[in-house]
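Here is the naming used below: chain letters follow the sequence lines, and residue numbers restart at 1 for every chain.
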Protein chains: 2
Amino acid sequence: MTDDIQRIRRFNRAVTSEVGALDTSFLGLGRPLGSARVLNAIGHGLQEVGVIRDYLGLDSGLMSRLLRGLESEGMITTGPSPDDSRRRIAQLTDEGRAAFTEYERLSNDQARAILARHPRPQAILDAMDLIATALGQDRIEIIEIDPREPEAIHCLTQYYRELERRFATGFDVNLSRDPEATDMIRPRGVFLLAMSDALPIGCVGLKGGDGPVAEIKRLWVSPAARGLKLATRLMTRAEDAARRLGIHTLRLDTNSALPEAAALYRKTGWREIDRFNDDPYPDMFFEKTL
Amino acid sequence: MTDDIQRIRRFNRAVTSEVGALDTSFLGLGRPLGSARVLNAIGHGLQEVGVIRDYLGLDSGLMSRLLRGLESEGMITTGPSPDDSRRRIAQLTDEGRAAFTEYERLSNDQARAILARHPRPQAILDAMDLIATALGQDRIEIIEIDPREPEAIHCLTQYYRELERRFATGFDVNLSRDPEATDMIRPRGVFLLAMSDALPIGCVGLKGGDGPVAEIKRLWVSPAARGLKLATRLMTRAEDAARRLGIHTLRLDTNSALPEAAALYRKTGWREIDRFNDDPYPDMFFEKTL
DNA sequence: GATTTTATCTGACTTAAGTCAGATAAATGA
DNA sequence: TCATTTATCTGACTTAAGTCAGATAAAATC
């Protein structure tokens, strides 16, 4: 245990001395950290002065002075908010956007350098995802999204890869019954993503039709997020959505090569039923009445 | 690729906002960061003012003032170095040691909190080891050590666990011919550890006897360090040590369940020979003439 | 319409951190 | 031994960051 603590502290030393230089990649363009942080916040889409102030945790006097500084440098313009002229809105000038882009480039270059000098970049990325997800585990949010959006496709691709690895026969999505995207969009169904600070880490689809019966599809949680009860959260949200769409009965199919999935279904009120489709991959079928 | 960069930057945000608070655990005891860093450096065993200054990257004027501050707080005493009285040596007073211990406790508590709130602490630790090792990959050092020291035992334990996982029959070290520690210490042999910032991440033993033939034992590299060519480095260092001990012939045994090991041996001048012992685990035997 | 609340700004501060040109004293080398 | 080098210190600066008490003006509330 003491040993474990030492390992964490070693990690902290490593990231604060090496990465510390990374997130303060702001530095190196001759601007003080404070105004660089404000410039970046505006570049990333924050507009209202109060929102930026809260986000960066700045005193209102300091914030005001930093804005005046950036303004006199010609990096930003400010003006009253159209719907409440007590509030002010900040926007980048062309010059400001150029400076912001330069910060982005520096930050991206440093990230690229980490990957480039390691023989197993995928392992680095997976480890980083795990740690970032763990540190932000209380801020994981579930959002509804079109399954054709890139974030959703990211999860689906990972899901297919995992089935490919875990099924003894491999997995070819073309041989399976790939649901129509429109069946997983309101009003017929929904597609839900679990997001951890802009990274999609899990998904589930509710594939509805015209009647009161719908299917749960594509339940997946990233290895980085396993153990956090995210699958249960996703399923609960999918069931809530189903109820609101007037659905009374849910079905799903799965494979005995994914025992943790079947265990979850049994624990949350699903009961095993007979095969209800001719998809070649599943060998277990469940139903739940809402 | 762009996606990967975003994942690294997300990691950076996560560690600088959450862990950032962790390594600046210095804060919170009402002392400015600068003097807290100096106090911690002294607590961790640095004594000479010049060494501390270089380690922390401080200006000599600033360093001097920080020392005077800590001195007037009663945290440290300074005096001339016995062998060169231009140099000064700093030491903690009882009060200073108490403050240092308090910093250590805070830092340990925060590390413990990260483990406590995650369902899979081992996964967190493995991920942290991987990242810290990757960031410090240019500073990995190979040291000679007594195989009965805790750092060596850490590696050996991990090694046995890995064999247990990978051998179809499992692995019980008591059934194997566990070499005597004294056979892996000079003048009969050596035991080498690869260290990454105080964490042992690999080992190899050279088990010698009275004659010019010795055996390579316990070659292991942590999953956190794989791909970095560390096994090759360890083997090269072991062969160098063997030559200096007057050994002309090296032997080793291994198991075909560890194909990457056999591949390494073949690539580095070893040739397969007949079984030379009756250990129940190995099924491949190699020899190399130095 | 008067009063209170809210969002931002200004001015007058403090503290931390860092820079730099000498000053001082001990050690080193010709 | 004397000039030079080295290690540290002192004093006089600068910059960044942050605090806090009002000031100002718009919006919300009574």
If the threshold is 4.0 Å, N to carboxylate O, is there a salt bridge linking [X] and [Y]?
X: B/R53; Y: B/D59; value: no
X: B/R186; Y: B/E144; value: yes
X: A/R87; Y: A/D84; value: yes
X: A/R237; Y: A/D240; value: no

Query raised in the report: Does the side chain of B/D126 pick up a donor-acceptor pair with the side chain of B/Q122 at under 3.5 Å?
Result: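 Per modelled atom types, B/D126 and B/Q122 side chains form a pair under 3.5 Å.
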Side-chain N or O of [X] versus OP1/OP2 of [N]: is the shortest distance under 4.0 Å?
X: B/R87; N: D/dT8; answer: no
X: A/R88; N: C/dA7; answer: no
X: A/S85; N: D/dA25; answer: no

Separation of atom [atom1] in [X] from atom [atom2] in [N], rounded to whole Å:
X: A/L66; N: D/dA17; atom1: CG; atom2: C1'; answer: 9 Å
X: B/L62; N: D/dT8; atom1: CG; atom2: C1'; answer: 14 Å
X: B/L58; N: C/dA17; atom1: CG; atom2: C1'; answer: 10 Å
X: B/L67; N: D/dT8; atom1: CG; atom2: P; answer: 9 Å
X: A/L56; N: D/dG18; atom1: CG; atom2: C1'; answer: 14 Å
X: B/D54; N: D/dT6; atom1: CG; atom2: C1'; answer: 13 Å
X: A/E48; N: C/dT6; atom1: CD; atom2: P; answer: 16 Å
X: B/L33; N: C/dG18; atom1: CG; atom2: C1'; answer: 13 Å

Query raised in the report: Want to settle it: does A/D84 or A/G34 sit nearer the 5' end of DNA chain D, counting the closest nucleotide to each?
Result: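 Closest to the 5' end, via its nearest nucleotide, is A/G34.
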Report task. Would you indicate what A/S64 reaches in the nucleic acid, counting non-hydrogen atoms under 4.0 angstrom: base, sugar-phosphate, or nothing? Result ->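 Contact class for A/S64: base.
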Requested in this report: Select base, sugar-phosphate, or nothing to describe what B/R65 touches, counting heavy atoms under 4.0 Å on all strands.
Outcome: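 Base contact.
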Nucleotide nearest [X] when distance is taken to its side chain, options [options]:
X: A/R86; options: C/dG18, D/dA7, C/dT6; answer: C/dT6
X: B/V49; options: D/dT8, D/dA27, D/dG18; answer: D/dT8
X: B/D59; options: C/dA17, D/dA17, C/dT19; answer: C/dT19

Under-3.5 Å N/O pairs linking protein and nucleotides 21-24 of chain D:
none

**Report entry** Interatomic distance, A/M184 atom CE to A/D146 atom CG [nearest 0.5 angstrom]
**Finding:**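 A/M184 atom CE to A/D146 atom CG measures 9.0 Å (nearest 0.5 Å).
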Requested in this report: From the options A/L56, A/L66, A/I42, A/I52, select the one residue that forms a side-chain contact (heavy atoms from CB on, under 4.5 Å) with A/R37.
Outcome: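 Passing option: A/L56.
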